[in-house]
Every structure is written in C-alpha cells, then in structure tokens.
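In what follows, a structure is listed as structure tokens, so that the remarks can point back to it.
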Protein chains: 2
Amino acid sequence: MAKRQVTIVDIAKKLNISASTVSRALKNHPDISKETIERVKECAAKMNYIPNEMALNLRMKRTNVIGVIVPEIVHYFFSSIVQGIEEVASEEGFNVMLFRSEESYEKELKITDSLISARVAGVLASLSKETDIYDHYQRILDNDIQLVFYDRICIGIITDRVVVDDYAGALTAVEYLISTGCKRIAFYSSPTHLEISKNRRNGYLDALRKHKLPVDQELMFVCDTREAAMELTPKVLAMDNPPDAFFAINDHTATGILYAVKQTGLRVPEDISICGFSGGDLALACDPMLTTVEQHGYEVGKTAAKLLIDKINGVTLGQFTNRIIKTKLMVRGTTKAAP
Amino acid sequence: MAKRQVTIVDIAKKLNISASTVSRALKNHPDISKETIERVKECAAKMNYIPNEMALNLRMKRTNVIGVIVPEIVHYFFSSIVQGIEEVASEEGFNVMLFRSEESYEKELKITDSLISARVAGVLASLSKETDIYDHYQRILDNDIQLVFYDRICIGIITDRVVVDDYAGALTAVEYLISTGCKRIAFYSSPTHLEISKNRRNGYLDALRKHKLPVDQELMFVCDTREAAMELTPKVLAMDNPPDAFFAINDHTATGILYAVKQTGLRVPEDISICGFSGGDLALACDPMLTTVEQHGYEVGKTAAKLLIDKINGVTLGQFTNRIIKTKLMVRGTTKAAP
DNA sequence: TTGTAAGCGTTATCAC
DNA sequence: GTGATAACGCTTACAA
C-alpha cells in the first residue's frame, strides 16, 4: 500500500547513474553500452518499473488514446463496432476511451469537451439522432485531434468516413422479396431525416421501380421499435389492400412485426414475408428465423479505427477517404425461397 | 490546422499577467479579484481554452480515468454492465477506458500493464474464463490503483466485489419449474470450474432437494452455446427417461434448446418447459417468448462503478464491500403457468 | 491581490 | 557512453 510508483529516477539512484541514461537504456538507444542496458533493464524489472504514460504524453505532446463516441452501448450493431475498434486499437498500441451520447446533442457537447481536455489522439464518432449542429466536431479538428465518422456521418465536416451500404442493402433485400413473388411491400423506417432512413428508403423505392411495382405512400411508415411494430402491424394488416411483405429498418422492429403477424393467424412466410436489417443473434432466435441484412459492424469498427490510426500516424495527411462496408442479405425462414 | 492548443500561458501573455494568476482565476480562487477573474474567464472563453488534463493529472498525481476489463463486448449482460459503468462514471466526472480480455489470460496480463502504465485511478474487472493466476491484479493494487471485481470475481484478492445472485436466481427458477409440475429438469451449464456454474448448479440442486425430487447426474451437461444446444438436445430427448424441462446457463443456449425441441415435434411448454438465464431482447424474439432469469447487468455496472469511485475518493478506505445484485425471474411462454 | 519558482515523470539537446 | 538541463502544461507554497 501507499507504495509510490517507481520512476526512472528511482532506478537511476539505485544504479548510481543519471535518469537520462536510464531513459535511453530502456529504449535501447545505440549510444548506451550493452552492459548498462542490461543492468538497467534488470533493475527496472526487479523494481516493477512501469513507465508513466501521462508524463510521457505530456513530454511528447501526444497520446495513445482514441476516443469513441457511440449513441448506444447495449446494441448489437454498435457493440460490434466497438469490438472492432478495440481490437485494432489494442493491436496498434492505442487505448480506447468510450463515451455514450445517449442520442443526445447536449451529451455529445460534453463528450467532445472531455475528449479535447483529455487530449486524445483521435476520435471516432457516430452522430446522435438529435445532432444537427456540428461546431463541436469542428472544434475537435481545430484542436489538432484527428476525426473519423462512422455510420451516422456528418456531411458538413471534411473527414474520413466509414458507412454501411444502406442503399445497396435495402435494394438487394427488396429485390429478393420481389423475386419471391411479393408485390406489396411495406417499409417501416426510422425518422425520415436520418441518413440511414433516406438511403434505405431510396434502395426500397428503386427496387420497386426497377421491377415496375407501384409505389404506395400508404405502405411507408415511421416505426422503428419492437413495441411500435407490435402495435402498428395489426392495423396495417387490416387495411383494404394489405401488404404481403414487410421490410423493417432493424431486427427489433422485424421481430415485432413477426410477432404481430403470427398473432393474427397469418403464416410466415407463406402469407407474409418479413425482412429485417441488422444481423446478430436476435434473428436466429425468431421462429422462423429472420431474413435480414447483415451490417458487419465489426468491419465498420475495424475500418474506422484503421483509418483513424493512419491519420494519427501521419500516413494519410490531407487525404479524405470514404469507405463503404458492404452488407450481406442473410436469407432465412421469414421469406419464401427464390424460384 | 496545426493550431497549437491554447495554454494557460497564452492567456497570461495576452492579459499581461502571470500564469499562476490565470490558473487561480480559472478556479475562482478567493484571493483573486472579481475583476481579474472576469477578464481571465472571458479571455479563456474567447481563445477556446480547454485545460490539458494530462498536465493536470501529472501535477496532481491522479487521473480521472477508470479502466474497465470486460471478457466480451458483444454480449447483452456485459454491454449492460458497461453502460451502467459509463453512466455513473460520466456523472462523477470520470472517463472510461475499455478493454476486452477475449477470455484470454495473456490478454488480461497485457491489459493490466496498460492500465498501470496509463495510471488509471481505478479498475473494474471481470475475470476471463482462462484466468487462474491473480498476480497481475495484485500488481494493480501494489501500484495504488483501486480495484473492484464484478460478476466473475477473484476470491484470492481482497477488494470490493459485485456479483449477481446466481444461486438464488437458479433456485427460484428451478423451484418455479417444479411448481408447474416439471419433475425431470435438465441443467445445461458452462464449464464447471467457473463460479457462476457452481453457484447456479447449487441453486438447481437445492431446489430439487427441497422438493424431494431425485438428482440425476445424467441430466447435467456442460453446454453453453446455441450451437452446442442444438446438437445435444435431440440426443437428450431421445434418452430412455428424457427430461420434461431444461434450465440453461444463458439465453443463447436456451434458444438452441427451444429450436431443437420444436424440431422434434414436441410442444413448448406443454411437453417441455425451458428456462434461460440472462435477460434482454433475445428472450422476447423467441416463440414462445423465453422464460428467463434477468441479471440486471446495468445495476451491476452502476453498483461496481459507485463502489470504485467511493474508493478513489477515499470515502471507503479500508472497507471491503461485497454487493449482491438480485436477479428476477421473468415468466413468459416457455414455461407453464403455476397453479 | 498577484508574481516567482519548484516540481509532477519523461525525453531531447547539448555538453563532456 | 553518459550526465546535466530544459521543457511539456499545470498547481501551489512562498514571496512580494
């Protein structure tokens, strides 16, 4: 207890040499004799010396910390992303500082201040649903901190970006539904101002147009939770001209639809097809198992972290990359077989 | 770009006063005149001054960083815990540094070194499945870093601990199964050396004994993934004297059981009852919805973070608390109604 | 009421 | 080869 942490000076004293020699020996500086290096390293090990990163960072005017802003933590897609980030970061010798914005702009503001205060080397951020002012992100850049957006990107700020191919994912999914004979496909989406809503909606619309199916505004809803879907779906099924398929913005919503459809006595997929968007274990727990668009959050995280670390290391100064992570349609039991 | 971050000295120069005055003014030191305080604060705001935490921490010999070691990130229980931790930490002005041990002892060793190197104020840790040597945690304490274990605790080291009431959770769940008429209850568990396996097994056994049901070693299996459960369960159901209920160590395993049982044509819960352990959305996606023991990971995280921060702030020096978070049986569709 | 100077642990730059 | 010194940005005795 109360044992002061051992410093380079403690080692120096014990060995009757100077602190700078110890410092150099520890880093295998060519000027230092093999013998001294040996002695210093042995002594350091014996004394359980662990370098003080704070001092080092202050001296070097840099950090090995990456700040990550995530809207939600308990969330398959985002936690996959964090896992990808953590993996790359730890491989490259960086530590990850995690912040949750709770989908709140206010919280985001506080977080960016903490991030600058902590003098992190770089930031990986996904916008909260509320955010439509971006000054705080500009301030990050103004403070010489590298920045990469992932998933919910910010168009107003010039940085690297990593996004999921929402458009293609939606297009492929809806085309698949059409190929299995579905003709009236409902679309449950998140609030329409979000990029993911827009992009997936465009994919949905283009799929319909491409296959000469009519676009019916009455089949497009804002509904993106399980609870909302359980409430809305019976009403939709009771329409005069009800849909024969549902395309949902996420798997939670899709499970709500599935539940409601089965409640009404309709069969899935014979009467009604359902396709979600997310991936993960939730889709496997359903009965039948849910057809869904896998988003590869892990890849998003890894890619974003790599781009950021390249920036930090100065490898890609002045370049701004847009990386798009491909989605994959996982065909399972809530859709019919393609002919 | 390349704009150096503004320091206390920059403000001092601009105002023709000394750095120490600026420092004091920023902290509302009583000695400083209202007027100076005003001027300094105004100037600081104008120049977008943000204090350098690294320098501050070095000077004060402390940090506002909490290190968190988590075996897995993409995992309902653990991500709930992280969320609880993040929430308390950000309320109390601490930042969270997240590390994933990947259930590996080697990785855990590296992480503890990074943690000491980063001079975090405290560590929240849950052991990896592999870990059975604890020297690296002792080193954390030896370096004057506070430590609290959560969930997968370490008995050999004296610290605060937060655990889930595995024993009571299992006891309650199995008693409920018995109350609905189940007589032969199979138990699918994780490797037996883990504390959670032991505790839940004891709950399971005591429930059987309490209700004078025979204990059958043939009904106890090591099986803790969905895939393993899908493979094992048909064999178990084909036994001469098959079980009429399954109690699984987690919900993933339970969903595998559910799938396999339905495949064989047996009805859930009429023929076979199933109960999981975890909580979260997975249980709701099942059909019927899964009866499960909710673990309240969010509470675990909040409690652990509070204990740690109290330790860091010196409020509870020398005390060692064991906190037990209650579980809750969520009765749903995979079990029969109690009479 | 404010300024001076030392020091937190480290490394880079000069000396010797 | 190795040592002294300054500096990174900040706080705090101690002076003034």
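All chains are named by letter (A, B, ...) in the order of the sequence lines, taking the proteins before the strands, and each is independently numbered beginning at 1.
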Looking only at the side chain of [X] (C-beta and beyond, no hydrogens), which of the listed nucleotides [options] gets closest?
X	options	value
A/Ala55	C/dG9, D/dC10, C/dT2	C/dG9
A/Thr7	D/dT2, D/dT12, C/dG9	C/dG9
A/Ile8	C/dG9, D/dG9, C/dT10	C/dT10

task = Consider only side-chain N and O atoms of A/Gln295 and A/Tyr76, and report whether a donor and an acceptor are under 3.5 Å apart.
result = no
Sub-4.0 Å heavy-atom contacts from residues 14-22 of chain B onto DNA chain D, ordered by number = B/Ser20
task = Could you list by number each residue of residues 34-49 of chain A showing a heavy-atom separation from DNA chain D of less than 4.0 Å, or answer none if no residue does?
result = A/Thr36
ask   = Should the pair B/Asp160-B/Lys311 be classified as a salt bridge under the 4.0 Å nitrogen-to-oxygen rule?
value = yes
Roughly, in whole Å, what's the span from [atom1] in [X] to [atom2] in [N]?
X	N	atom1	atom2	result
B/Gln5	D/dG9	CD	P	9 Å
A/Asp31	C/dA15	CG	C1'	13 Å
A/Ile50	C/dG9	CD1	P	15 Å
A/Leu26	D/dG1	CG	C1'	17 Å
A/Asp10	C/dC8	CG	C1'	13 Å
B/Lys61	D/dT12	NZ	C1'	15 Å
B/Leu58	C/dG7	CG	C1'	9 Å
A/Lys13	C/dG9	NZ	P	10 Å

task = Quick one: label B/Asn52 by what it contacts on the DNA or RNA (base, sugar-phosphate, nothing), any heavy atom closer than 4.0 Å.
result = sugar-phosphate
ask   = Which part of the nucleic acid, if any, lies within contact of A/Met60, taking any heavy atom under 4.0 Å across all strands shown: a base, the sugar-phosphate backbone alone, or nothing?
value = sugar-phosphate
task = Over all heavy atoms of both residues, which pair between A/Val96 and A/Ala89 is shortest? Give the atoms and the distance, please.
result = CG2-CB, 3.6 Å
ask   = Closest heavy-atom contact between A/Ser101 and A/Ile69?
value = CB-CG2, 4.1 Å
ask   = Given side chains that start at C-beta, do those of B/Thr159 and B/Ile153 come closer than 4.5 Å, heavy atoms only?
value = no
message = A side-chain contact here means heavy atoms from C-beta on lying under 4.5 Å apart; do A/Gln319 and A/Asp310 qualify?
response = no
Separation between CD1 of A/Ile66 and CD of A/Glu86, rounded to the nearest 0.5 Å = 10.5 Å
query = Checking side chain to side chain contact (heavy atoms under 4.5 Å, CB included) against A/Val120, which of A/Leu115, A/Ile140, A/Ile312 comes through?
reply = A/Leu115
request  = Sort out for me which residue in B/Tyr150, B/Tyr105, B/Tyr137 forms a side chain to side chain contact (heavy atoms under 4.5 Å, CB included) with B/Leu127.
outcome  = B/Tyr137
inquiry  = Looking at the base of C/dT13, is there any donor atom on it, or on the side chain of A/Arg24, that sits under 3.5 Å from an acceptor on the other one?
reply    = yes
